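Since the structure comes first, as structure tokens, the remarks are kept for the end.
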Amino acid sequence: MNSGTPAPDSYYERIDEHRYKPTAHAGGAWDPDELHFSPLGGLVVHAIERQLARRPGGDGLVMARISYDILGRLALDECEIRVEVVRPGRTIELVEAVVLVADRPVVRARAWFLAAIDTTSVAGGPDERLTPPEELASWEMSALWPGGYIASVDVRPLAPPRPGRTTAWISTRHTLVAGEPSSPLASYLALVDTANGIAVRQPPTAWIYPNVDLTVHLHRQPVGDWTGLDTTVTFGPTGQGLTSTVLHDVDGPVGHALQMLTVRPAPER
């Protein structure tokens with residue numbers, strides 16, 4: 001992508017109804033010339049929400065799960081997002097979004113929406129809150145990882161990161177799409193994929209372990225400007241790994257995220 005002009009304070013700029021151009025802030029950690037998946041994941045939700053908002057009754061549903069399958073290299077280039085309602089319904093709905101780069105599908109996402117009703121009287125579950133982010137110091141994550149996205153985020157761990165185990169808050173001053181408001185959910189999910197980089201088991205210069213998917217389950221809708229990641233990374237003996245995260249906002253847990261990793265030695269440079 002030609003980055004001869006300064007990048008705006010956003011991860012994407014809109015081209016037309018379905019196409020978006022990434023800024024330098026969306027650059028990846030494994031390869032700065034690729035997209036980091038995190039803001040793209042938020043952009044997918046932004047596109048889904050825009051389409052559902054045009055439909056009668058679409059605002060009566062809330063997202064309970066979204067799963068992303070990463071199908072190939074995410075070039076740092078303009079993308080197109082196509083959204084289709086696979087299973088329409090007034091109380092349960094399934095939506096699919098496909099991201100294309102150079103007319104090739106690179107991400108396929110499916111989101112389940114459920115009817116929003118008042119279940120306050122029976123609500124319950126783990127409710128431990130993380131130390132508030134304003135009480136914590138920032139960590140220079142860019143000392144470990146390159147890329148425009150990593151440089152764009154404020155990472156505040158609750159304790160010094162350990163191999164395979166870190167709990168941290170993530171925030172950013174950048175908007176998702178230039179000149180467009182995004183929902184708290186889209187902004188929150190635009191930071192979740194950072195989990196695979198905060199609790200590294202091995203240096204990324206020696207081993208590579210990109211995720212090939214991301215699945216998020218939510219039991220309530222997140223609020224606020226911070227995404228809390230209570231993350232554990234496990235490597236298996238045959239090239240597979242798993243990044244497992246309890247998701248938080250400032251009011252407590254909101255759900256879980258899982259990322260499947262392909263683990264292999266880094267190529268010699």
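If you're wondering where the values come from, they're calculated on a predicted model, not measured in any experiment.
- For the atom pair Leu185 CG and His46 NE2, the distance stands at 12.0 Å (nearest 0.5 Å).
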| message | Run the side-chain contact (heavy atoms from CB on, under 4.5 Å) test on Val85 and Leu94 for me, step by step, so that the C-alpha distance in whole Å, both residues' side-chain angles and the decisive distance to 0.1 Å come before the verdict. | response | CA-CA 6 Å; Val85 177; Leu94 178 61; over 6 Å; no
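- Among residue pairs with one or both ends in residues 154-179, those qualifying as ring pair (Phe, Tyr, Trp, His ring centres under 6.0 Å) are Tyr11-His174, His25-His174; sequence neighbours excluded.
- Using modelled atom types, one finds a donor on one side chain and an acceptor on the other under 3.5 Å when comparing Ser182 with Ser187.
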| query | Going through the checks in order, is the side-chain contact (heavy atoms from CB on, under 4.5 Å) test met by Trp112 and Ile92? | reply | CA-CA 7 Å; Trp112 281 103; Ile92 300 174; 3.5 Å; yes
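- By the rule that hydrophobic residues join a cluster once side-chain heavy atoms approach within less than 4.5 Å of another member, Leu242 and Val216 end up as members of separate clusters.
- In this structure, Thr215 contributes its side chain and Leu258 its backbone to no donor-acceptor pair below 3.5 Å.
- Listed for the His219 side chain is no donor-acceptor partner under 3.5 Å among the backbone atoms of Ala64.
- With hydrogens and angles ignored, the 3.5 Å screen pairs a side-chain donor or acceptor of Thr227 with a backbone N or O of Tyr188.
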| query | So Tyr149 and Thr194, side-chain hydrogen bond (donor to acceptor under 3.5 Å, both in side chains) or not? Walk me through it. | reply | CA-CA 9 Å; Tyr149 170 73; Thr194 320; 2.6 Å; yes
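- Salt-bridge formation is detected for the pair Asp230/Arg165: a Lys NZ or Arg NE/NH1/NH2 atom is positioned less than 4.0 Å from an Asp or Glu carboxylate oxygen.
- Judged purely by atom type and a 3.5 angstrom limit, Asp249 uses its side chain to pair as donor or acceptor with the backbone of Val223.
- Of the possible polar contacts, none joining the Arg110 side chain to the Ser67 backbone as a donor-acceptor pair under 3.5 Å is found.
- Tyr68 and Phe37 have perpendicular rings, their planes meeting at more than 60° on a 0 to 90° scale where under 30° would count as parallel.
- Other members of the cluster containing Met260 are Val212, with ILVMFWY side chains joined at under 4.5 Å, either directly or via other members.
- Taking the charged nitrogens against the carboxylate oxygens, Arg129 and Asp127 have no contact shorter than 4.0 Å, which rules out a salt bridge.
- Residues Arg50 and Glu17 are paired through a salt bridge, judged by an N-O separation under 4.0 Å between the basic side chain and the carboxylate.
- Using a 4.0 Å cut-off between charged nitrogen and carboxylate oxygen, Glu78 and Arg19 count as a salt-bridge pair.
- Expressed to the nearest 0.5 Å, how far CD1 of Ile70 lies from CG of Leu214 amounts to 7.5 Å.
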| request: Decide yes or no on side-chain hydrogen bond (donor to acceptor under 3.5 Å, both in side chains) for Thr231 and Thr245, but give the supporting numbers first. | output: CA-CA 4 Å; Thr231 297; Thr245 300; 2.9 Å; yes
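- Within the 3.5 Å criterion, the main-chain N or O of Ala186 finds a donor-acceptor partner in the side chain of Ser183.
- A donor-acceptor contact shorter than 3.5 Å links the side chain of Ser38 to the backbone of Ala190.
- Other members of the hydrophobic cluster containing Leu100, listed by chain and number, are Val98; membership follows side-chain contacts under 4.5 Å among ILVMFWY residues, whether direct or relayed.
- Between the NE2 atom in His248 and the CH2 atom in Trp226 there is a gap of 15.5 Å [rounded to 0.5 Å].
- In this structure, Pro22 and Asp77 have side chains that are not in contact, with every pair of non-hydrogen atoms separated by 4.5 Å or more.
- Panel note: side chain Thr172, backbone Ser152; a donor-acceptor pair is recorded below 3.5 Å.
- Using modelled atom types, one side-chain atom of Glu93 and one backbone atom of Gly89 make a donor-acceptor pair closer than 3.5 Å.
- Under 4.0 Å is where a charged nitrogen must lie from a carboxylate oxygen, and between Glu34 and Arg73 at least one such pair does.
- Note on Leu114 and Val86: same hydrophobic cluster, where clusters join Ile, Leu, Val, Met, Phe, Trp and Tyr whose side-chain heavy atoms are under 4.5 Å apart, directly or indirectly.
- One distance of note links CD of Gln259 with CG of Asn196; it measures 5.0 Å at 0.5 Å rounding.
- Between Thr166 and Val233 there is no side-chain heavy-atom pair separated by less than 4.5 Å.
- Residues Asp225 and Ser171 bring no donor and acceptor atom of their side chains to less than 3.5 Å of each other.
- To the nearest 0.5 Å, the span separating CD on Gln51 from CZ on Arg82 amounts to 9.5 Å.
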